[in-house]
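Since the structure comes first, as structure tokens, the remarks are kept for the end.
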Amino acid sequence: MVRDRIDRIGVVGAGTMGSGIAQVAATHGYDVVMRDVEPEFVEDGFDAIEGSLERLASRDDLDGQPEAVRERIEGTTVLDDLDDCDLVVEAVLEDLDVKRDVFADLEAVCADDVLLATNTSTLSITSIASDLERPERVVGLHFMNPVAIMEGVEVVVGEKTTDEATALAHRIADDLGKTTWEADDKPGFVTNRILMPWINEGIRAYDEGVATREDIDAGMELGTNVPMGPLRLADHIGLDVCLHASETLHEELGDRYKPAYLLKRKVAAGDLGKKTGRGFYDYE
Ligand SMILES: NC(=O)c1ccc[n+]([C@@H]2O[C@H](COP(=O)([O-])OP(=O)(O)OC[C@H]3O[C@@H](n4cnc5c(N)ncnc54)[C@H](O)[C@@H]3O)[C@@H](O)[C@H]2O)c1
């Protein structure tokens with residue numbers, strides 16, 4: 001059984017995705033508790049939320065006032081503050097052991113009928129939930145970055161996830177103004193399974209001199225109607241994030257997912273894309 005009356009949503013992790021999920025939930029009228037491990041990470045999360053709300057409001061893309069949305073979000077470092085949430089979404093770093101610990105904590109603190117969702121991009125929902133007493137209420141709710149802008153959410157169904165939990169995951173995403181699709185708990189789900197080899201092939205094509213970086217991106221943008229070519233998109237996602245996802249897929253699915261050599265070299269050099277000012281392109 002999962003409770004279907006949702007008033008208060010917990011978000012674990014106040015980073016890029018957690019702060020975005022908290023913001024979107026509060027924008028849609030939910031009370032939100034956003035938890036991170038250190039007060040400064042919670043503050044960084046609020047800074048990101050405030051900046052995003054201001055930008056949306058300035059373009060008339062926000063229902064309501066930024067201050068009213070912000071006030072619906074409570075920040076905390078205390079796990080027990082999640083004890084009265086009706087649903088929790090985990091968005092901590094992409095590490096299986098860390099996520100398993102977070103879910104063990106959530107199981108201890110949340111009521112038995114609370115849906116526990118993970119925003120993982122590539123890790124197995126089944127493995128994240130495998131040590132829990134109630135793995136049937138764990139589901140993947142894979143928001144896209146930036147959460148406030150991207151319409152899609154991938155619902156991922158683990159081995160033990162019940163139909164009821166899956167249905168609630170679709171419904172809550174719908175309530176947050178998103179459109180869902182569903183994937184079985186197989187490495188990379190739909191999105192990263194297809195996206196990561198595409199990005200790696202773009203990087204290999206560049207490394208092998210098929211075309212300039214601009215022409216590789218232009219070829220894919222103009223030739224196949226995607227909004228960003230592989231090199232520009234990799235810079236946007238973060239080259240470290242792409243490498244980590246590719247390595248997970250390589251481990252699970254074999255050599256067709258081998259990360260491109262140049263991707264590894266750029267990450268080793270600390271050029272991680274937009275966030276460090278340099279990746280395949282330079283940023284100010
Ligand atoms: N960034 C993306 O483009 C993107 C897109 C889709 C999904 N994801 C997934 O979302 C998740 C989060 O990614 P992100 O980019 O927001 O990472 P991030 O590094 O920006 O944020 C992670 C946050 O989790 C916090 N944290 C770590 N352990 C914690 C704990 N035990 N309790 C509470 N907070 C804890 C960290 O302090 C950090 O603030 C990952 O699983 C990632 O794969 C990321």
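Numbering of ligands and ligand atoms starts at 1, following listing order.
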Mind checking whether Ser121 has an N or O less than 3.5 Å away from an N or O of ligand 1?
-> yes

Where ligand 1 meets His142 - atom numbers and elements under 4.0 angstrom, heavy-atom basis | 6 (C), 7 (C)

Quick one: does Arg8's side chain get under 4.5 Å of Glu74's, heavy atoms only?
-> yes

Quick one: do the His142 and Asn119 side chains pair a donor with an acceptor below 3.5 Å?
-> no

Counting from 1, what ligand 1 atoms have a heavy atom of Thr120 closer than 4.0 Å?
-> 41 (O)

Is there side-chain contact between Ile172 and Tyr30, with heavy atoms separated by less than 4.5 Å?
-> yes

Please report which non-hydrogen protein atom sits nearest to atom 29 (C) of ligand 1, along with the residue it belongs to and the distance in Å to one decimal place.
-> Val92 CG1, 3.5 Å

Proximal ligand 1 atoms for Asn145, defined as those under 4.0 Å from one of its heavy atoms = 1 (N), 2 (C), 3 (O)

Donor-acceptor pair between Glu38 and Thr77 side chains, under 3.5 angstrom | no

Sub-3.5 Å donor-acceptor pair from the side chain of Glu90 to the main-chain atoms of Phe103, do we have one?
-> no

Ignoring hydrogens, tell whether any protein atom lies closer than 4.0 Å to atom 19 (O) of ligand 1; use the non-hydrogen atoms only.
-> no

of all protein heavy atoms, closest to atom 27 (C) of ligand 1 is Leu93 CD2, 3.4 Å

How far does CZ of Arg193 sit from OG1 of Thr191, to the nearest 0.5 angstrom?
-> 11.5 Å

Without swapping roles, check the side chain of Glu154 against the backbone of Phe189 for a donor-acceptor pair under 3.5 Å.
-> no

At what distance is the nearest protein heavy atom to atom 10 (O) of ligand 1, and which residue and atom is it?
-> Asn119 ND2, 2.9 Å

Donor-acceptor contact below 3.5 Å, side chain Lys178 vs main chain Val147 | yes

Which ligand 1 atoms, with their elements, are less than 4.0 angstrom from a heavy-atom of Arg35?
-> 32 (N), 33 (C), 34 (N)

Counting from 1, what ligand 1 atoms have a heavy atom of Gly15 closer than 4.0 Å?
-> 16 (O), 20 (O), 21 (O), 23 (C), 39 (O)

State whether any protein heavy atom lies less than 4.0 Å from atom 32 (N) of ligand 1.
-> yes

protein heavy-atom neighbour closest to atom 44 (C) of ligand 1 works out as Met17 CG, 3.3 Å

Looking only at N/O atoms, are Glu94 and ligand 1 under 3.5 Å apart anywhere?
-> yes

List every atom of ligand 1 that sits less than 4.0 Å from any heavy atom of Gly13, numbering the atoms from 1 in the order shown and giving each element.
-> 24 (O), 33 (C), 34 (N)

Residues Asn200 and Ser246: side-chain donor-acceptor under 3.5 angstrom | yes

Sub-3.5 Å N/O-N/O distance, Thr16 and ligand 1 = yes

Any side-chain donor-acceptor pair under 3.5 Å between Ser52 and Gln23?
-> yes

Considering only protein heavy atoms, which is closest to atom 30 (C) of ligand 1, and at what distance to one decimal place?
-> Val37 CG1, 3.5 Å

Among all protein heavy atoms, pick out the one at the shortest distance from atom 22 (C) of ligand 1; state its residue, atom name and that distance to 0.1 Å.
-> Ala91 O, 3.8 Å

With side chains defined as the heavy atoms from C-beta onward, is the minimum distance between Ile49 and Met34 less than 4.5 Å?
-> yes

For Ser127 and Arg100, does a side-chain donor sit closer than 3.5 Å to a side-chain acceptor?
-> no

State whether the shortest distance between N or O atoms of Phe143 and N or O atoms of ligand 1 falls below 3.5 angstrom.
-> no

Give a yes or no answer on whether the side chain of Arg213 reaches the backbone of Tyr206 with a donor-acceptor pair at less than 3.5 Å.
-> no

What atoms of ligand 1 come closer than 4.0 angstrom to any heavy atom of Val12?
-> 32 (N), 33 (C)

What are the atoms of ligand 1, with element, lying closer than 4.0 Å to any heavy atom of Lys99?
-> 40 (C), 41 (O)

Hey, looking at atom 34 (N) of ligand 1, which of Val11, Leu79, Thr77, Asp36 has the closest heavy atom?
-> Asp36

